[in-house]
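Numbering of residues begins at 1 and proceeds along the displayed sequence. Computation of the quantities below employed the complete heavy-atom set of this structure, encompassing side-chain atoms and omitting hydrogens, waters and symmetry-equivalent molecules. Computed from a prediction, not measured in an experiment: that's the story for all the values here.
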Amino acid sequence: MKNSSTLKARTNRYNHKEETPQALTPEKGRVTNNRKQSQGNQKDWPCVFVVLLAITCFLAFFSRQRHQHIPPTPTATLRSNVHRIEPLPQVVQNVAVDQAKEVPKVDITDLEASAENDDEENEVVEKEEEVDYHEKSETDSSLENVIKQFHEDLGSRYGSSNLQWLDKAAEPFGSLEITAQRMVSKKAKGEPFVIAFAGYSVTVGRGNYFNQSFPFVLQDLLKPVFDKMGLEMIVRNAAIGGIPSFPYGFCLPHFLGMDADVISWDYGLNEGKAPHILESYIRLSQQNLPNRPMLIVLDNNAQRKKLLEEYAAPDDAKHQVLLDGLVLRRGTDILPKSLIEAEEAPPGFMKWDEFGAPNGCPGRSSWHPKQQEHSFLGHVLAKYFVKVVERASELMQETPLKEYVLPTLSHLPPPQSPLAENSLEVSQLLYGHENQED
């Protein structure tokens with residue numbers, strides 16, 4: 001038994017020496033603890049082995065993929081703004097090496113030549129930005145195309161032989177040159193060109209939708225032209241049904257705006273044949289609105305047209321009040337019935353007696369223009385203003401953009417249509433106070 005115990009002890013000491021050499025320490029008290037720690041470390045070896053195996057596999061895979069990658073080709077791409085050569089993205093992985101040999105190569109000299117061509121093109125663009133107004137720019141060319149398209153559409157809508165009626169519906173007075181200068185001045189200042197309409201229910205568009213009234217027909221027709229010209233356009237329809245021009249004319253800055261370049265008058269339907277209310281409107285508008293706006297008069301009265309001529313071209317130039325204007329005549333006043341009642345009339349004259357709004361809507365009275373007549377009036381005005389745009393474009397080519405200064409209105413002439421039955425105070429309210437120096 002003693003020998004057996006001694007042999008067992010020797011065996012334990014042998015086994016202990018093989019497993020944990022760290023246990024052979026003079027500190028006897030730590031032999032038992034080190035043996036337990038050794039047994040715990042043995043359990044961690046499989047995890048360490050798995051991690052090392054995973055790392056080895058990953059490195060082997062990465063090395064293999066690296067050798068199979070195709071090196072970047074000398075093909076390059078140029079960027080338009082910065083002339084810097086950058087390699088194309090690498091070919092997708094797992095492409096065979098023999099396929100890579102078939103990739104075409106670009107001579108670097110071709111790339112340099114392309115870069116030089118880009119430099120020359122950029123220099124040309126910089127020179128085009130400095131083009132003098134005497135030379136036609138791309139904008140001018142596109143403006144001509146838009147105007148050409150406008151006239152083609154006009155002929156298709158009304159027929160080439162009937163365009164004479166559109167000319168008869170517009171009777172200009174004053175100077176078209178002044179109107180063109182107004183446009184150039186607004187573009188030079190970076191401000192919009194404003195057309196503000198005043199009037200009765202005719203201009204409102206009663207019986208039709210509001211956007212079918214002729215001011216907005218004009219807006220839709222002119223917008224592409226003004227866009228190509230580089231000039232913003234604003235159209236306002238401030239007409240109010242049943243409100244006469246007096247006392248409406250006293251509030252023009254509020255109704256039409258202080259920035260109006262063109263205004264209108266449409267009150268002949270309810271104001272009889274006398275010209276005195278129109279005369280008051282002219283004097284108030286040219287005094288109170290700073291731009292001395294162009295005046296469009298929707299009317300067919302002979303006395304009022306004569307009054308406009310006297311204010312636009314007086315015998316004494318210092319008494320000129322109206323610089324530019326237009327008399328607009330309704331289609332029913334000038335168009336032959338055979339044209340608007342024909343069964344096979346051009347599209348612009350078809351359904352002449354139909355309102356744009358459905359039955360039951362207010363304003364469907366016989367004296368109100370229908371949808372096609374509003375369209376006719378809008379096209380008449382657009383045709384005239386396109387002519388003005390053409391002249392404004394010529395002015396911008398002749399000289400650089402500049403602001404034209406309109407003649408100042410120092411004083412008004414004596415009224416042409418005084419009302420004897422009114423007191424002096426009422427006459428002064430309508431026409432202003434008499435200048436004692438005149």
Side-chain angles (χ1 to χ4, degrees), residues 166 169-172 193-223 233-257 259-273 275 277-278 280-282 284-285 289 293-301 304-305 308 322 325-335 352-357 361-385:
L166 280 76
E171 300 179 17
F193 187 79
V194 180
I195 307 176
F197 288 86
Y200 273 147
S201 54
V202 170
T203 300
V204 170
R206 295 274 288 177
N208 306 280
Y209 292 110
F210 187 52
N211 62 356
Q212 294 172 341
S213 61
F214 72 87
F216 295 124
V217 174
L218 172 67
Q219 174 183 266
D220 294 340
L221 293 171
L222 286 185
K223 188 178 185 308
M233 178 192 61
I234 296 177
V235 172
R236 299 175 184 141
N237 188 348
I240 306 174
I243 303 299
S245 59
F246 178 84
Y248 186 100
F250 289 101
C251 306
L252 293 183
H254 302 284
F255 285 114
L256 305 181
D259 56 349
D261 299 292
V262 181
I263 63 173
S264 77
W265 183 91
D266 162 36
Y267 298 98
L269 193 63
N270 292 344
E271 293 187 3
K273 298 180 180 180
I277 300 297
L278 172 60
S280 174
Y281 188 91
I282 293 172
L284 289 170
S285 66
L289 298 177
M294 171 188 173
L295 178 62
I296 299 173
V297 177
L298 179 58
D299 196 39
N300 196 35
N301 179 269
R304 286 191 281 262
K305 285 195 288 185
L308 292 171
L322 291 174
L326 181 75
V327 174
L328 181 64
R329 303 170 66 188
R330 287 185 54 175
T332 51
D333 292 333
I334 62 170
L335 293 176
W352 188 262
D353 290 327
E354 293 186 11
F355 284 103
C361 290
R364 294 169 61 90
S365 304
S366 59
W367 56 85
H368 286 152
K370 283 68 173 178
Q371 181 181 358
Q372 285 288 51
E373 187 170 5
H374 274 281
S375 181
F376 175 80
L377 294 172
H379 280 81
V380 169
L381 289 176
K383 189 174 186 294
Y384 179 78
F385 277 107

Undergrad: Check Phe255, Trp265, Tyr281 against Tyr248 for a ring pair (Phe, Tyr, Trp, His ring centres under 6.0 Å) and give me the one that passes.
TA: Phe255
Undergrad: Any non-hydrogen side-chain atom of Pro369 less than 4.5 Å from a side-chain atom of Val202?
TA: yes
Undergrad: Nearest heavy-atom pair of Pro215 and Val235: which atoms, and what distance?
TA: O-CG1, 3.5 Å
Undergrad: Applying side-chain contact (heavy atoms from CB on, under 4.5 Å), run through Leu326 and Met294 and close with a yes or a no.
TA: CA-CA 8 Å; Leu326 181 75; Met294 171 188 173; 4.0 Å; yes
Undergrad: How close do Phe355 and Ser365 get, counting heavy atoms only, and between which atoms?
TA: CZ-O, 3.3 Å
Undergrad: Any side-chain to backbone donor/acceptor pair from Asn237 onto Thr203? Under 3.5 Å, distance only.
TA: yes
Undergrad: Please evaluate residues Leu308 and Leu295 with respect to the criterion side-chain contact (heavy atoms from CB on, under 4.5 Å), reporting the C-alpha separation (whole Å), side-chain torsions for both, the decisive distance (0.1 Å), and the verdict.
TA: CA-CA 10 Å; Leu308 292 171; Leu295 178 62; 4.1 Å; yes
Undergrad: Quick one: pull up CZ in Phe193 and CZ in Phe385 and give me the separation to the nearest 0.5 Å.
TA: 5.5 Å
Undergrad: How long is the gap from CD on Gln371 to OH on Tyr209, to the nearest 0.5 Å?
TA: 9.5 Å
Undergrad: Check Ala169 against Ile334 and note the closest heavy-atom contact, atom names and distance.
TA: CB-CD1, 3.4 Å
Undergrad: Report the distance from atom CG of Asp259 to atom CD1 of Ile234, rounding to the nearest 0.5 Å.
TA: 6.5 Å
Undergrad: Look up atom SG in Cys251 and atom CG in Leu284, then write down how far apart they are to the nearest 0.5 Å.
TA: 10.0 Å
Undergrad: Can you measure from CD (Gln372) to NE2 (His379) and round to the nearest 0.5 angstrom?
TA: 9.5 Å
Undergrad: Begin with the C-alpha distance, continue with both residues' side-chain angles, and end with the deciding distance and a verdict on side-chain contact (heavy atoms from CB on, under 4.5 Å) for Met233 and Gln219.
TA: CA-CA 8 Å; Met233 178 192 61; Gln219 174 183 266; 4.1 Å; yes
Undergrad: Would a distance-only check, ignoring hydrogens and angles, find a side-chain to backbone donor-acceptor pair under 3.5 Å from His368 to Gly207?
TA: no
Undergrad: With a 3.5 Å distance limit and no angle check, can you tell me whether Ser264 reaches the backbone of Val297 through a side-chain donor-acceptor pair?
TA: no
Undergrad: Please confirm whether the backbone N or O of Ala357 pairs with a side-chain atom of Arg364, one donor and one acceptor, at under 3.5 Å?
TA: yes
Undergrad: Let me know which of Phe210, Phe216, Phe214 forms a ring pair (Phe, Tyr, Trp, His ring centres under 6.0 Å) with Phe197.
TA: Phe214
Undergrad: Would Asp266 and Arg330 pass as an ion pair if we require N to O under 4.0 Å?
TA: no
Undergrad: Has the side chain of Arg206 got a donor or acceptor atom that lies under 3.5 Å from a matching backbone atom of Pro362?
TA: no
Undergrad: Ring centres of Tyr267 and Phe246 under 6.0 Å apart?
TA: no
Undergrad: At their closest point, which heavy atom of Glu354 faces which heavy atom of Lys370, and how far apart are they?
TA: O-CB, 3.2 Å
Undergrad: Pick one: which of Ile263, Leu218, Leu381 meets side-chain contact (heavy atoms from CB on, under 4.5 Å) with Ile296?
TA: Leu381
Undergrad: Asn208 and Gly356: which non-hydrogen atoms are nearest, and at how many Å?
TA: OD1-N, 2.7 Å
Undergrad: Could you pull out the closest heavy-atom pair between Leu377 and Arg329, with the gap in Å?
TA: CD2-O, 3.5 Å
Undergrad: Could you state the interatomic distance from CG (Leu221) to OG (Ser375), rounded to the nearest 0.5 Å?
TA: 7.0 Å
Undergrad: Is a side-chain donor or acceptor of Glu271 paired with a backbone partner of Ser245 at a separation under 3.5 angstrom?
TA: yes
